[in-house]
Q: 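For reference, the structure I am asking about is given below.
Order of the sequence lines sets the chain letters (A, B, ...), proteins ahead of strands, with each chain counted from 1.
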Protein chains: 2
Amino acid sequence: MPKLGMEPIRRSALIKATIAEIGHVGTLEVTVSRIAKRAGMSSALAHHYFGSKESMFLAAMRHVLTLYGAEVRGALAAADSPEGRALAVIRASFSPANFRREVISAWLNFYVLAQTQPKARRLLAVYQRRMVSNLRHALRPLLGAQAGKVAHSIAAMIDGAYLHAALGHDAPDATAAAEQVEEYLTLALSMESRA
Amino acid sequence: MPKLGMEPIRRSALIKATIAEIGHVGTLEVTVSRIAKRAGMSSALAHHYFGSKESMFLAAMRHVLTLYGAEVRGALAAADSPEGRALAVIRASFSPANFRREVISAWLNFYVLAQTQPKARRLLAVYQRRMVSNLRHALRPLLGAQAGKVAHSIAAMIDGAYLHAALGHDAPDATAAAEQVEEYLTLALSMESRA
DNA sequence: TTGTTTATTGACTCGTCAATCAACAAAAAC
DNA sequence: GTTTTTGTTGATTGACGAGTCAATAAACAA
């Protein structure tokens with residue numbers, strides 16, 4: 001049966017299965033066997049391609065970040081004003097894709113992992129820096145020297161509102177969460193007159 | 001040797017050891033044996049008093065929330081103005097106690113647990129509601145009908161800023177995080193004039 | 001004194017799981 | 001046509017861990 005060139009296919013299937021499984025269990029307490037079964041192969045093969053469970057996790061996290069990054073980039077490209085760019089970053093963060101059960105799980109567990117895994121922490125730092133950098137760049141023409149500070153605040157609020165929406169009592173309301181942050185943005189921009 | 005009345009002492013020791021161990025490992029992948037050893041007893045005794053690992057976790061979470069709640073209540077009692085009350089809630093959330101390694105770990109893992117454990121989720125909802133309620137009550141005299149909305153935003157920003165501070169690239173800077181939220185509060189209050 | 005409740009543990013059961021390995025199969029290279 | 005590379009798995013290893021249990025012992029009650 002061995003068709004050649006299986007490696008990328010298998011890896012991709014395993015990454016998707018890892019995310020799905022984390023979403024299903026909620027924790028990182030998922031077994032390689034389960035992931036492999038979901039991806040339609042033996043656990044031995046999973047080890048063959050990834051070497052360890054840990055590196056499967058990291059690959060999965062990288063994948064989530066890549067998707068998110070692509071979404072942000074797409075939204076930024078479609079924006080045509082500074083304010084539009086800031087809104088793009090905010091809205092991309094609250095897209096339906098980010099509220100799928102697996103993605104929420106991945107993020108929460110990513111935070112846990114980032115405490116102790118240097119690689120996970122570095123990955124998270126990259127994501128955070130990029131988000132702040134995008135926001136600062138969008139806000140600079142509008143807020144000048146204060147752009148940096150406001151960018152950090154918006155970044156924090158995005159993550160906080162995401163957390164609240166994802167873990168709130170009722171079903172997550174992404175739209176409401178996005179509006180919360182957008183209102184803050186409006187507020188901050190309206191202070192531009194006080195200079 | 002059996003001195004009577006050991007139960008509360010043992011339970012308390014186990015709860016503290018659970019939190020310490022979670023902080024040490026970073027994950028909920030801690031063993032009952034390790035926790036028990038840290039608390040100076042056999043794992044069998046831990047099971048005797050708590051029945052299961054899960055209920056140990058919940059007790060530990062409840063303990064963290066209790067400490068945090070007490071801190072907030074104390075800060076609120078010392079405040080004498082509406083704005084002072086809002087500041088009290090914010091500052092209590094960024095107290096040094098909340099940035100101890102174990103407490104950060106507990107919170108992050110709490111989030112993960114809240115996805116799937118109904119009891120954990122309920123506990124988290126109680127905490128979130130109380131925080132919003134405290135903020136709304138403080139802001140009502142200053143913002144009237146908009147108090148609710150702003151309270152939610154501040155609550156989100158507190159959690160987001162906490163997350164960023166706890167997992168940021170460098171050592172956590174609680175003061176900077178608190179100031180971030182305080183500035184948002186100031187901004188929101190300064191809009192009171194626009195009515 | 002005898003029986004009951006509370007405290008305590010070592011030993012054990014039963015299960016799970018990450019990682020390895022030997023072996024087999026097919027394509028590609030030589 | 002043989003050797004090497006790539007794909008694949010069942011079986012196994014080795015370790016660890018949650019929860020149970022029987023047994024021991026002190027305090028207390030009758």
Q: If you take any heavy atom closer than 4.0 Å to DNA chain C, which residues from residues 44-53 of chain B end up in contact?
A: B:A44, B:L45, B:H48, B:Y49

Q: Which whole-number value in Å describes the distance from A:E29 CD to C:dC17 P?
A: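 Computing the A:E29:CD to C:dC17:P distance gives 10 Å.
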
Q: Please give, in whole Å, the distance from C:dT6 P to B:R11 CZ?
A: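 Rounded to whole Å, this separation is 14 Å.
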
Q: Which angle, to the nearest 10 degrees, lies between the helix axes at the two ends of the helix from C:dT1-D:dA30 to C:dC30-D:dG1, each defined by five pairs?
A: 10°

Q: CE of A:M56 versus P of C:dA18: gap in Å, rounded?
A: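 So the CE-P distance, A:M56 to C:dA18, works out to 9 Å.
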
Q: What is the separation between atom CG on A:L4 and atom P on D:dT8, rounded to the nearest whole Å?
A: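 Roughly 10 Å, once rounded to whole Å.
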
Q: Taking only residues two or more places apart in sequence or in another chain, which ones pass side chain to side chain donor-acceptor pair (under 3.5 Å) with B:N109?
A: none

Q: Calculate the interatomic distance between A:E54 atom CD and C:dC17 atom P; express it in whole Å.
A: 18 Å

Q: Rounded to the Å, how far apart are A:E7 CD and C:dA27 C1'?
A: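 Value for this atom pair: 16 Å.
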
Q: Tell me, please, which residues at least two apart from A:E182 pass side chain to side chain donor-acceptor pair (under 3.5 Å).
A: A:R91

Q: What pairs of residues pass the side chain to side chain donor-acceptor pair (under 3.5 Å) test when at least one of them lies in residues 65-81 of chain A, not counting sequence neighbours?
A: A:Y68-A:S93, A:E71-A:S95

Q: Identify, residue by residue, the members of residues 32-43 of chain A with a heavy atom below 4.0 Å from DNA chain D, and return them in order of residue number, or none.
A: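 Residues of residues 32-43 of chain A that come under 4.0 Å of DNA chain D are, in numerical order, A:M41, A:S42.
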
